[in-house]
J.: 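Just passing along the structure, written as structure tokens.
Throughout, a chain's letter reflects where its sequence line sits, starting with A, and its residues are numbered from 1. This structure is a prediction, so every number in the text was calculated from the model and none was measured.
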There are 2 protein chains.
Amino acid sequence: MYMQISHLSIEGTDVAEPDGRTQGDGGTARRPRGRLPAYERIKAAIRTRIREGEWGPGDPIPGESELARDFGVSRLTAHRALRELAREGVIERRRRRGSRVAVRTGRDIVLEIPRIERLVTGLGAAYELRLLWRRTTVPPSEIRERLELAPGQRALHLVLLHLADRRPFQLEDRWINLLAVPEAAQADFTTIAPGSWLLEHVPWSEAEHVIAAENADPATARALDIEPGEAVLVIERRTRNRNRVVTWARFRHPGSSYRLATAFAPRA
Amino acid sequence: MYMQISHLSIEGTDVAEPDGRTQGDGGTARRPRGRLPAYERIKAAIRTRIREGEWGPGDPIPGESELARDFGVSRLTAHRALRELAREGVIERRRRRGSRVAVRTGRDIVLEIPRIERLVTGLGAAYELRLLWRRTTVPPSEIRERLELAPGQRALHLVLLHLADRRPFQLEDRWINLLAVPEAAQADFTTIAPGSWLLEHVPWSEAEHVIAAENADPATARALDIEPGEAVLVIERRTRNRNRVVTWARFRHPGSSYRLATAFAPRA
DNA sequence: CATCGAAATATGTATATGCAAATCTCGCAT
DNA sequence: ATGCGAGATTTGCATATACATATTTCGATG
């Protein structure tokens, strides 16, 4: 498979959202408004050809100068399009050799897990929340370590059940470091999930995750309305802000009813 | 917390690898060789300040012009540094408002799962592979759909057991589309894992994943040397190349002994 | 006092230009 | 034939410049 296609469409009709974090139309130096930036149109055109199989992995694609000519832009603009595609893992570039469609080999898998609320509401299911437990106590040593707390220091412990269409969907076991988030002591978690509350009140800079499978213990089984011993998908998350652990949470999902599915997201 | 630091070090000493796909030194227009590009030095300097807590989430950071002045570069170079940091999710930018350290809110979780071999050998464990089953057959309809095969079309079916330090670690159930990879019919999978073999022989452009928990059925339990009914972490992967499904595989891990752990990796 | 509008500011996009580095090709000398 | 060196090509980095756009600030006006 070695084919070189010389001409891309000058007016790319297909639309791809810019994945930059910024919003709005963006600066449009001498560009009719409402249209995508030139470099985005070039990226979209290339992506389309790859997606539709016209250019397969390893195939060469037009170089910067050629793209610049075909699209009527400067070389820097074409350069930016190719550079970003390379960073997104869509293409590979070498000097003199040119650019080619990436051969995805030996990469780590990257899983993107959508947020729970979005997952539930996105499916059109009715979302419901139940606060099962709330205490401010000295955590057991295992939890204390994860929160990186001093011995004897108290923390806020919450247990909540999330329901989708009146069926248990997720059991949340959460500890909040009150030194990092004193306001949490006053917050009302009967209507707003602690995850959402924390998102709004405490910025964070880092998080760690663990995924595992375990058999439901009797308490978990009762809460999730499944049989004891049934497989449960466990996700643990620890969130930090400025070198301090803000919160640690363990989420349990009925393994039979919950699946994390995702398409490959290149490293970028 | 509202503090404005005016001066960043002109000669950033800390080193960050450019995450672009390209290697080598890169073009160095009027730049002493061996040093990072100017925009990378700026990025590194900013990241360092954030990492060390000097600038916390939500804090403003110097603007393009200020950085350009402090680092003695053009505005475009400073712009590129900030743009990339924004895309990586490290900072947030708004017109007129300026740039500030990102408040990580509402983002999807991104999990990075290292490849199995690397995981096993990285732990210093002895890796072993056993081919339990190999047949070329017409797959059951459930598998046929996943492979997007025509009815009656045959596919290569493999079952393998991966061991770490002589203990079952992963049970692999794989189907390979022989239309996409005819050479697979001749390959020897007793010594090389099909995953690795495919990586070397077939480029791929896309993959989908599913993660779930399930109870071990008797056959799985026997293979993994666990009790029937014990929780098993399941990962399914479907790989495509040019709109064709190359392979579909299901991996099962003993839930008690295997955990996927990862630090947060921003989208970028 | 409230509100609308102009100025100021910071980011976003784009051009034209120059040089550096990597690497493939080809011709020439041994 | 083999190997070495001189282009040629393609990507990478950076500057100077210009204009567009979003948003805040501030002042004028009713």
Side-chain angles (χ1 to χ4, degrees), chain A residues 2 4 6 17-43 46 60-87 91-100 102, chain B residues 2 4 6 17-43 46 60-87 91-100 102:
Chain A
Y2 199 99
Q4 181 65 272
S6 340
E17 72 283 15
D19 8 22
R21 287 286 171 277
T22 47
Q23 69 302 352
D25 192 45
T28 62
R30 68 211 82 185
R31 164 167 60 90
R33 63 172 296 140
R35 281 246 304 277
L36 287 171
Y39 72 91
E40 286 290 351
R41 292 205 312 280
I42 298 174
K43 287 174 65 177
I46 294 172
I61 67 174
E64 298 183 352
S65 320
E66 192 174 346
L67 287 174
R69 186 163 28 79
D70 290 357
F71 280 84
V73 299
S74 77
R75 209 198 103 204
L76 185 63
T77 302
H79 172 69
R80 178 168 175 186
L82 292 179
R83 186 182 62 203
E84 295 196 356
L85 286 175
R87 161 159 293 207
I91 65 173
E92 287 167 348
R93 318 189 69 197
R94 309 262 312 254
R95 278 182 192 160
R96 163 73 213 203
R97 196 178 190 187
S99 303
R100 45 191 61 204
Chain B
Y2 198 99
Q4 182 66 273
S6 337
E17 72 285 12
D19 8 23
R21 285 286 169 281
T22 47
Q23 70 300 357
D25 191 47
T28 61
R30 68 213 79 184
R31 163 166 61 92
R33 62 172 297 139
R35 280 247 304 277
L36 287 172
Y39 74 91
E40 286 290 351
R41 292 207 312 279
I42 299 174
K43 286 174 67 178
I46 294 172
I61 68 175
E64 298 182 353
S65 319
E66 193 173 346
L67 288 173
R69 185 164 27 80
D70 291 356
F71 281 83
V73 298
S74 77
R75 208 200 105 204
L76 188 62
T77 301
H79 172 69
R80 178 169 174 185
L82 292 179
R83 185 181 63 204
E84 295 196 355
L85 287 175
R87 162 161 293 211
I91 64 173
E92 287 168 347
R93 318 189 68 199
R94 308 242 340 233
R95 281 186 190 156
R96 163 72 218 206
R97 199 178 190 184
S99 303
R100 45 191 60 202

J.: What are the residues of residues 76-83 of chain A, sorted by number, that bring a heavy atom to within less than 4.0 Å of DNA chain D?
T.: A/H79
J.: Using atom CD of A/E92 as one end and atom C1' of C/dA22 as the other, report the distance to the nearest whole Å.
T.: 16 Å
J.: Using atom CZ of A/R100 as one end and atom P of D/dT11 as the other, report the distance to the nearest whole Å.
T.: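 Answer to the nearest Å: 11 Å.
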J.: Are A/I61 and A/L67 packed together at the side-chain level, in the sense that at least one heavy-atom pair is separated by less than 4.5 angstrom?
T.: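 No, every pair of side-chain atoms sits at 4.5 Å or beyond.
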J.: Look for any protein N or O under 3.5 Å of an N or O in nucleotides 6-10 of chain D and output each such pair with its distance, or none.
T.:
| residue | atom | partner | partner atom | Å |
| --- | --- | --- | --- | --- |
| D/dA8 | N3 | A/R96 | NH1 | 3.3 |
| D/dT9 | O4' | A/R96 | NH1 | 3.0 |
| D/dT10 | O2 | A/R96 | N | 3.1 |

J.: Expressed as a whole number of angstroms, how long is the span from A/F71:CZ to C/dA14:C1'?
T.: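 Result: 16 Å.
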J.: Closer than 4.0 Å, any side-chain N/O of A/Y39 to the OP1 or OP2 of C/dT13?
T.: yes
J.: Per the side chain to side chain donor-acceptor pair (under 3.5 Å) rule, which among B/R83, B/R69, B/R75 passes with B/E64?
T.: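 When B/R83, B/R69, B/R75 are each tested with B/E64, the side chain to side chain donor-acceptor pair (under 3.5 Å) holds only for B/R75.
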J.: Would you call A/L85 and A/I42 a side-chain contact if the rule is heavy atoms closer than 4.5 Å?
T.: no
J.: Looking at residues at least two apart in the chain, or sitting in another chain, which of them share a side chain to side chain donor-acceptor pair (under 3.5 Å) with B/R97?
T.: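 For B/R97 there are no side chain to side chain donor-acceptor pair (under 3.5 Å) partners, ignoring immediate neighbours.
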J.: Measuring from B/R87:CZ to A/R87:CZ, what's the distance to the nearest 0.5 Å?
T.: 8.0 Å
J.: CG of B/L85 versus P of C/dA10: gap in Å, rounded?
T.: 18 Å
J.: In chain order, what residues pass the side chain to side chain donor-acceptor pair (under 3.5 Å) check against A/S65, with sequence neighbours excluded?
T.: none
J.: So, using salt bridge (charged side-chain N to carboxylate O under 4.0 Å, His left out) as the criterion, who are the partners of B/R96 when residues are at least two apart?
T.: none
